[in-house]
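Worksheet: the structure to be examined is printed underneath.
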Amino acid sequence: MTDPFTPPERVGFIGLGKMGAPMTRNLKRAGFQLALNDLDPALARDLGKELDAPVYERVSDLARACRVVITMLPDGRIVREVALGRDGAPDTGLADALPAGSVLIDMSSSAPVGTRTLGEELARRGIHMIDAPVSGGVRRAVSGQLAVMIGGDSAVIDRCRPLLGAMGSQLFVVGGLGAGDAIKCLNNYVSATGLLAAAEGLVAAQRFGLDPHKALEVLNASTGKNNATEVKFAQFILSRSFGSGFSIGLMAKDLRTALDLAAAVAAPMPLGQHCVPLWNEAEQALGGNADHTEIVRILERVTGSDLR
Ligand code: NAD
């Protein structure tokens, strides 16, 4: 398939939150034009002004202006609703208006099985879909250095490379549709268990009388270091800023997806059986909008400690 999406192609972008907004800025910087939609009208209006981009209240109207649309939404259920419309209501989904041959790139962290089903439904209407969830957090969304995990038809992926390369510096094509979502939720499973293990270790170290800052320094010079010890503990937890920009609700959602995936393929995940409920409980106790690094507060509460 030829005809890659190159600047100044107009790209529809739906979901302008902590990740979506900086990703649109990088698309604009790369020379793409944009068309925007978000449930929060003020957010969309302000970003539209900044990027000189039209804002559409209805996604079907946005779809009439574009051949390619990116979604960066909380989960796959919402992506499905945006793509196919609300039950029975005419002209409420992208598929009501996107021309045949157009492409939906879902960059949200969605559930892989749901992505496959949605892709099949869109294919019947002549619309292509790839999944391209990301890792790297708000910091790398801002710098345009996200890791992008891509699933789908390779010819469609090739058409989308100029777009994806404007937002990410590492593009991994990992398999068919849904494969990106699969490795994304598994990545967050590995990341979340690492954060929890480090938190448990540091709370125990402190209770033994060590300074948590010193204990962290030792971990980071030793084999116990991981992504959380290197880029989260000092920055967001010991500093008490809890400002990573990734909510505990979204993390818990990804972990439930990982457990579901493991169950569906009969892969053992005994550690996950213990760890994921702790994240679900923390989401309940702290509220879904709390930063995911605040899970440490739960351990501190139980032990009466404070890792400050
Ligand atoms: P966010 O909550 O900041 O943004 C989501 C946006 O989607 C909001 O602006 C919301 O108003 C909008 N929205 C919700 N429902 C909508 C609908 N029906 N139509 C239009 N807009 C709608 O979330 P985020 O942190 O930007 O995360 C977005 C996705 O990226 C999630 O799937 C998340 O798991 C994933 N992700 C987040 C991070 C991170 O560090 N924040 C990192 C990697 C991946």
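In each ligand, atom 1 is the first atom listed, and ligand 1 is the first ligand listed.
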Atoms in ligand 1 flagged as close to [X], the criterion being non-hydrogen separation under 4.0 Å:
X	result
Gly137	40 (O)
Gly15	7 (O)
Ser108	32 (O)
Leu43	9 (O)

Tell me: protein heavy atom nearest [atom], and distance?
atom	value
atom 43 (C) of ligand 1	Val134 O, 3.4 Å
atom 30 (O) of ligand 1	Met72 CE, 3.1 Å
atom 41 (N) of ligand 1	Gly245 O, 3.0 Å
atom 34 (O) of ligand 1	Lys253 NZ, 2.9 Å
atom 4 (O) of ligand 1	Gly17 CA, 3.3 Å
atom 42 (C) of ligand 1	Met19 CE, 3.6 Å
atom 3 (O) of ligand 1	Lys18 N, 2.9 Å
atom 25 (O) of ligand 1	Leu250 CD1, 3.6 Å

Given that the side chain starts at C-beta and the backbone is N, CA, C, O, which of these parts of [X] lies under 4.0 Å from ligand 1, counting heavy atoms, or is it both or neither?
X	answer
Lys184	side chain
Ile78	side chain
Pro74	both
Met107	neither

Measure from atom 6 (C) of ligand 1 to every heavy atom in Leu39, Asp38, Thr71 and give the option owning the shortest one.
Asp38
For atom 31 (C) of ligand 1, state which one of Val59, Val82, Leu73 supplies the nearest heavy atom.
Leu73
Hey, does the side chain of [X] reach the backbone of [Y] with a donor-acceptor pair shorter than 3.5 angstrom?
X	Y	answer
Ser108	Leu73	yes
Ser239	Ser241	yes
Lys184	Pro133	no
Asp38	Ala44	no

Atom pair CG (Asp91) and CZ (Arg86), whose distance is rounded to the nearest 0.5 Å
10.5 Å
May I ask you to check whether Asp75 has an N/O atom sitting below 3.5 Å from an N/O atom of ligand 1?
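N/O-N/O distance under 3.5 Å: no.
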Just wondering, do [Y] and [X] contact through their side chains at under 4.5 Å, heavy atoms?
X	Y	result
Phe246	Asn188	yes
Glu120	Leu177	no
Asp153	His128	no

Check this for me: does any side-chain nitrogen of one of Glu283 and Arg256 sit under 4.0 Å from a carboxylate oxygen of the other?
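Looking at Arg256 together with Glu283, the answer is yes, because their closest N to O distance falls below 4.0 Å.
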Do you see a donor-acceptor pair shorter than 3.5 Å between the side chains of [X] and [Y]?
X	Y	value
Asp291	Ser244	yes
Arg140	Gln145	no
Asp96	Ser60	no

